[in-house]
Structures are given as structure tokens and as C-alpha cells.
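Heads up, the thing below is written out as C-alpha cells.
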Protein chains: 2
Amino acid sequence: METATCTEKCSQVVPAAEDALYIIAGKWKMRILITLAGGDKRFNELQRALSGISARVLSNELKDLELNGLVSRKILDNGTILYVRNAYADSLRSVMHELVQWGMDHKQKIRNREI
Amino acid sequence: METATCTEKCSQVVPAAEDALYIIAGKWKMRILITLAGGDKRFNELQRALSGISARVLSNELKDLELNGLVSRKILDNGTILYVRNAYADSLRSVMHELVQWGMDHKQKIRNREI
DNA sequence: CTGTATCCTTATTGATACTG
DNA sequence: CAGTATCAATAAGGATACAG
């Protein structure tokens with residue numbers, strides 16, 4: 001049979017892709033990771049750097065990223081709390097690269113009305 | 001300066017990635033592309049194959065995919081309307097591959113509590 | 001069959017204020 | 001400072017009905 005339904009192929013491939021998408025999609029996840037790539041940040045520093053994000057949303061996003069091992073909370077001796085981008089976040093590099101590459105190519109195509 | 005803020009790096013990289021994400025993220029876009037990879041389909045066929053999608057949402061998704069050149073509407077002589085996956089959709093192959101790969105690796109890590 | 005329109009319910013987000 | 005709680009606004013999604 002050549003007419004694959006979604007239930008066949010999707011059940012294998014889509015969940016994996018969706019796991020990945022869930023983690024990096026959305027307005028803030030990538031921005032946070034990129035911002036933290038520039039150095040550890042405190043909560044309020046992050047909020048300022050990501051102009052526009054509310055404390056509530058930032059808090060939730062950070063929890064997600066923490067749960068997925070991409071970011072850690074570090075507590076200094078003086079009590080300061082820092083958010084740190086984990087080395088594991090580098091594993092997203094090739095994913096991101098492909099996304100950026102395709103996004104740029106695609107935008108170019110749209111601009112040139114090749115589509 | 002080593003503390004890059006989001007405004008610097010994000011302004012270059014994030015929009016490109018978001019363009020890509022916008023197009024493939026969401027519950028249905030990928031499923032539709034995968035389903036159409038199994039052969040051209042009519043609107044109702046698609047709706048059935050994608051069990052759970054409403055006509056309204058399917059209609060919107062297809063329009064998005066069409067606008068981005070990933071899918072076309074083909075009208076047969078007898079009036080039948082088919083949705084066709086364009087060759088251009090193959091350009092997403094490497095993006096998808098990276099997403100799926102990372103998603104699988106990640107789930108494995110979570111399962112093993114390596115994170 | 002191929003959609004669109006409408007209505008309704010639910011999820012996301014933002015703004016603001018507030019606690020330890 | 002580091003968040004949480006609450007409420008209001010908006011967006012997104014499903015169900016159903018209906019038009020061409």
C-alpha cells in the first residue's frame with residue numbers, strides 16, 4: 001500500500017519531532033537560551049534582556065527549560081540565584097542550525113516570489 | 001563584551017528560526033505533510049486520515065501550507081480537488097531529520113533520568 | 001464534496017499586585 | 001531580588017450547521 005495514513009508514519013516520527021518542537025518552539029525558549037549563552041543571568045536580568053516577557057511567563061519558561069536539562073539554577077554563597085545554560089543545550093546546535101538555514105532560504109524564496 | 005543580550009543575537013538568528021518553526025510547528029502541519037507524502041488526497045480524505053482535525057482548522061492549515069509553497073491544490077477535469085505535496089516540501093527533510101533525531105535522543109535521556 | 005460561518009470552550013498571555 | 005497569585009484580554013480549537 002502506498003497511501004500511508006498519518007496513523008502509520010506519524011505515530012513513529014511525529015511524536016519525536018513534537019518533543020523537540022515543544023522544547024524550542026514558542027516565543028521565548030530560544031531567546032532565553034541564546035541570551036544565557038552570553039553568560040549566566042539573574043531572573044531580573046533575564047527579564048530585562050528579553051524585553052517584553054512577563055515574570056510569570058519567564059518563570060514558567062525557565063521551569064520548562066530546567067526540566068529538560070537545558071538550563072540550571074545556580075545558587076551562589078551570597079544567595080544570588082543565577083540561571084545557567086547547560087552544556088547539554090549545545091546538543092540543540094544542529095537542530096537550530098537547520099532551522100535557521102531553512103528559515104533564511106525560505107524567506108528568500110518568498111521574497112523573490114519563487115513560490 | 002561577552003554578555004550578549006537577546007537583542008543582538010536574537011535579531012539575527014531567532015526570526016529565521018521562527019519562520020521555520022511557524023511553518024512546521026503546531027499540531028497538524030507535519031502530520032498533513034506526512035499524510036500527503038503517501039499520495040494526493042481530497043479534503044475529506046485528509047480530514048479522515050488526520051483523525052481529530054476539524055474542517056475549519058484543516059482549511060486554515062492547508063492555506064498556510066499553500067502560501068508557503070509546501071502544498072498545492074490540484075483541480076482535476078472532473079472537478080475533484082486534490083491536495084498535493086510539492087517537491088519543495090522535501091527541502092524540510094533535513095530540518096525534520098534533526099528534529100526527530102534530537103527528539104528521540106532527548107526522550108531517551110529523560111527516560112534514563114540522565115537529566 | 002469543499003469548504004465557510006458561527007458559536008462556544010479552553011489555553012496562552014499580559015498586567016498588576018503582592019509575598020518572602 | 002525572585003518569584004507567585006489573580007484577573008482580564010486574546011488567541012486558538014472544537015462542534016455544528018450551513019452554502020455552493
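Chain letters run A, B, ... following the sequence lines, proteins first, then strands; residues in each count from 1. Below, all heavy atoms of this structure are taken into account, side chains as well, without hydrogens, waters or symmetry copies. Bear in mind that the values here come from a model prediction, so they are computed numbers and not experimental data.
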Closest nucleotide of DNA chain C for Leu62(B) versus for Gly26(A): which of these residues is on the 5' side? Leu62(B)

With nearest nucleotides of DNA chain C determined for Gly52(A) and Ala55(B) from heavy-atom distances, which residue corresponds to the more 5′ nucleotide? Ala55(B)

Which nucleotide in the list dG14(D), dA2(D), dC1(D) gets nearest to the side chain of Lys27(B)? dG14(D)

For the pair made of CG in Leu76(B) and C1' in dT2(C), what is the distance, rounded to whole Å? 14 Å

Could you check whether any side-chain heavy atom of Ile24(B) comes within less than 4.5 Å of a side-chain heavy atom of Leu99(B), counting everything from C-beta outward? yes

Ser54(A) side chain, from C-beta outward: closest of dG14(D), dT4(C), dG14(C): dG14(C)

With a 4.5 Å limit on heavy-atom distance, are the side chains of Ile53(A) and Gln47(A) in contact? yes

What is the distance, to the nearest angstrom, from the CG atom on Leu65(B) to the C1' atom on dG3(C)? 16 Å

Considering only NZ, NE, NH1 and NH2 on the basic side and carboxylate oxygens on the acidic side, decide whether Lys29(B) and Glu61(B) come within less than 4.0 Å. yes

If you go through the side-chain atoms of Arg56(A), does one of them form a donor-acceptor pair with the base of dG3(D) closer than 3.5 Å? no

Quickly work out the Asp64(A) CG to dT12(C) P distance and round it to whole Å. 11 Å

Among dC1(D), dT4(C), dG3(C), which nucleotide sits nearest the side chain of Lys63(B)? dT4(C)

Rounded distance (Å) that lies between atom P of dG20(C) and atom CD1 of Ile81(A): 16 Å

Asn44(B) side chain, from C-beta outward: closest of dT4(D), dC1(C), dC1(D): dC1(C)

Counting heavy atoms from C-beta on, name the nucleotide in dG3(C), dC1(C), dG3(D) closest to the side chain of Phe43(B). dG3(C)

Using a 4.5 Å cut-off on heavy atoms from C-beta on, say whether the side chain of Leu62(B) contacts that of Leu58(B). yes

Using 0.5 Å steps for rounding, measure from the CG atom of Leu50(A) to the CZ atom of Arg31(A). 8.0 Å

Compare side-chain N and O positions of Tyr83(A) against OP1 and OP2 of dG3(D) and report whether any pair is under 4.0 Å apart. yes

Check the distance between dG3(C)'s C1' and Arg73(B)'s CZ and give it to me in whole angstrom. 9 Å

